[in-house]
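Encoded as structure tokens, the structure appears first; notes follow it.
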Protein chains: 2
Amino acid sequence: MHGAASTGLPDVLQRCDHCPVRHQAVCGAMDEVQIRKLSQIAHRKRMVPGQTIISDEEPVDFFANVISGAIKLTKTLPDGRQQIVGLLFAPDFLGRAYSKSNPYSAEAATEVEICCFPNTAFERLASEFPGLQQRLFQHTLDELDAARDWMLLLGRKTAEEKVASFLLMLARRSLMIGCQHTGSASVASFELPLTRADMADYLGLTIETVSRQLTRLKTANVIKLHSNRLIAVPDIDRLATAAGQELGHY
Amino acid sequence: MHGAASTGLPDVLQRCDHCPVRHQAVCGAMDEVQIRKLSQIAHRKRMVPGQTIISDEEPVDFFANVISGAIKLTKTLPDGRQQIVGLLFAPDFLGRAYSKSNPYSAEAATEVEICCFPNTAFERLASEFPGLQQRLFQHTLDELDAARDWMLLLGRKTAEEKVASFLLMLARRSLMIGCQHTGSASVASFELPLTRADMADYLGLTIETVSRQLTRLKTANVIKLHSNRLIAVPDIDRLATAAGQELGHY
DNA sequence: CGACATGTTGAACCTCATCAACCGACGTGG
DNA sequence: CCACGTCGGTTGATGAGGTTCAACATGTCG
């Protein structure tokens, strides 16, 4: 249950140097000396789907990098209606600077592996090293952009556009990641990191509507559903059109 | 048309020292020496309702503090559907660090007065003075929280709750501001900074629905409409309930 | 005064939510 | 081994909440 320990190597040697997100996450801003300090306060954790990572009730005493899997940030109304306000993937950063209390909860959507740092130690490191702070700032700006994109989706898009937009986001992500390895395959295929229920909570819809729109997109040959979770996009431009983004930008 | 010039005083003396947001805006983090530097690169601007301040097309070469009025940040779909993704009031900061291009437009919603700084000079100041950068970071975190609150509203709230939530936000704002002067009046009354059309774009609704929900809240005695723009809230807790927030927190 | 912008109200329509039945996969216990 | 419940997902029927279209009211400005 503990990634570092399972190899038998001392933690300090094992960690960070072999970390898959060493150069993409916030740690990317740090040099060898810095990273050594960081690795001394870091430890990995595995979570199973549905497991709560942070709650909007209790104070949080750690930050974390996402190493693998997907984490959903959720907000809930008193009567139980829920909205996913953010989705965190591989090199993303979890946690809010300058505040112990979180206005939302974080929950593992899939199997998740994270790398945790105690609050205080990490903040001290950040104040010593402005590059780290700047990286956090940058990441927050990206999250803000994403949140505002999603506001447009939630407020103004139709159910079909919403589902298509979500798939488009994942398709682009999978192409981005894929392109580093292969040359370029314009056929994106990927696995859905969310259940229908989570998709509904992310898109401001119901489970049923999500399901229906998926089958609509399937019968229109915009996507292929190999299984409940496996999706292929033969023509990404058609998907973009279905998402209401008239080709070109982005 | 130029606030500083109209008094006949030299700009450097006039500016900042008498600025109404001197201690609340990002400049609040700066001491006398810093603020003198800042005042040398700053200049005020007035805008009329509807005037575009920054466009998502063109690059932006300035930051700005909002001194008075309301600014709306908007995103638009290719077919014209629009969503307001942020609203800026008096001590707020306009502009995005680390990026020339903006993913949204900014437009004056009311009469607006802003205090502009050229991009490069301001960023140099920020790098000299980490307190300023941190203040910007803080402000960005607040914007992110607000955006995510709004995602919950857009995705999960009913039309009535949306309108009530918007009014509640303004009511609380007016109480916050009012409390500094008067002791405490639990009767909030304020002026709507947005037209019905803008409210619709903010709430993900149509003009007609906004209008109808306003009259519903009026006939239910949750609010009083003195004119199209003037609102009074006799019992703010009832408004909070109508907004779907079961008393207490926030 | 008429033209125009802003806002309200009514009627018809449509998208999406709700309620319900059903399916297949999986795990568990008799 | 199979009956059983559960979970995630699909599909259908129905209806409500909001959009759309249209008429009208009000206020402002030339």
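So you know, we letter chains A, B, ... as the sequences are listed, proteins then strands, and number each from 1.
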Counting heavy atoms from C-beta on, name the nucleotide in [options] closest to the side chain of [X].
{"X": "A:Arg196", "options": "D:dG18, C:dT8, D:dG9", "answer": "D:dG9"}
{"X": "B:Ser211", "options": "C:dT8, D:dT10, C:dG7", "answer": "C:dT8"}
{"X": "A:Ile207", "options": "D:dG18, D:dT10, C:dT8", "answer": "D:dT10"}

Expected output: side-chain [X] to main-chain [Y] donor-acceptor under 3.5 Å:
{"X": "A:Asn65", "Y": "A:Ile67", "value": "no"}
{"X": "B:Lys75", "Y": "A:Leu152", "value": "no"}
{"X": "B:Arg196", "Y": "B:Asn228", "value": "yes"}

_Neighbour count above 12 (heavy atom, 6.0 Å) for B:Arg81 CZ_ =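 Counting neighbours around CZ of B:Arg81, more than 12 heavy atoms of other residues, nucleotides or ligands fall under 6.0 Å, so yes.
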Whole angstroms only, please: what is the [atom1]-[atom2] distance between [X] and [N]?
{"X": "B:Asp198", "N": "C:dT6", "atom1": "CG", "atom2": "P", "result": "10 Å"}
{"X": "A:Arg81", "N": "C:dA17", "atom1": "CZ", "atom2": "C1'", "result": "13 Å"}
{"X": "A:Arg216", "N": "D:dT11", "atom1": "CZ", "atom2": "P", "result": "13 Å"}
{"X": "B:Leu214", "N": "C:dT9", "atom1": "CG", "atom2": "P", "result": "10 Å"}
{"X": "B:Gln213", "N": "C:dG7", "atom1": "CD", "atom2": "C1'", "result": "15 Å"}
{"X": "B:Glu160", "N": "D:dA16", "atom1": "CD", "atom2": "C1'", "result": "15 Å"}
{"X": "A:Leu192", "N": "D:dG9", "atom1": "CG", "atom2": "C1'", "result": "12 Å"}
{"X": "B:Leu194", "N": "C:dA5", "atom1": "CG", "atom2": "C1'", "result": "17 Å"}

*Does NZ or CZ of A:Arg173 come closer than 6.0 Å to the centre of the six-membered ring of A:Phe190, within 45° of the ring's axis?*
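Not satisfied by the 6.0 Å and 45° rule.
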*Is the Lys NZ or Arg CZ of A:Arg148 less than 6.0 Å from the centre of B:Tyr104's six-membered ring, within 45° of the axis?*
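Output yes; distance and angle both within limits.
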*Once the angle between the rings of B:Trp150 and B:Tyr202 is folded into 0 to 90°, is it parallel (under 30°), tilted (30 to 60°) or perpendicular (over 60°)?*
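Rings of B:Trp150 and B:Tyr202: parallel, as their planes differ by under 30°.
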*Nucleotide-resolved protein contact map, nucleotides 19-30 of chain D, B/S/- at heavy-atom distance under 4.0 Å*: BBB---------
*asked:* For D:dG17 and B:Thr158 - does any side-chain N or O of the residue sit under 4.0 Å from the phosphate oxygens OP1/OP2?
replied: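 For B:Thr158, the contact criterion (side-chain N or O under 4.0 Å from OP1 or OP2 of D:dG17) is not met.
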_Short side-chain N/O contact from B:Asn228 to OP1 or OP2 of C:dT8, under 4.0 Å_ =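 So the side-chain polar atoms of B:Asn228 do come within 4.0 Å of the phosphate oxygens OP1 or OP2 of C:dT8, strictly under.
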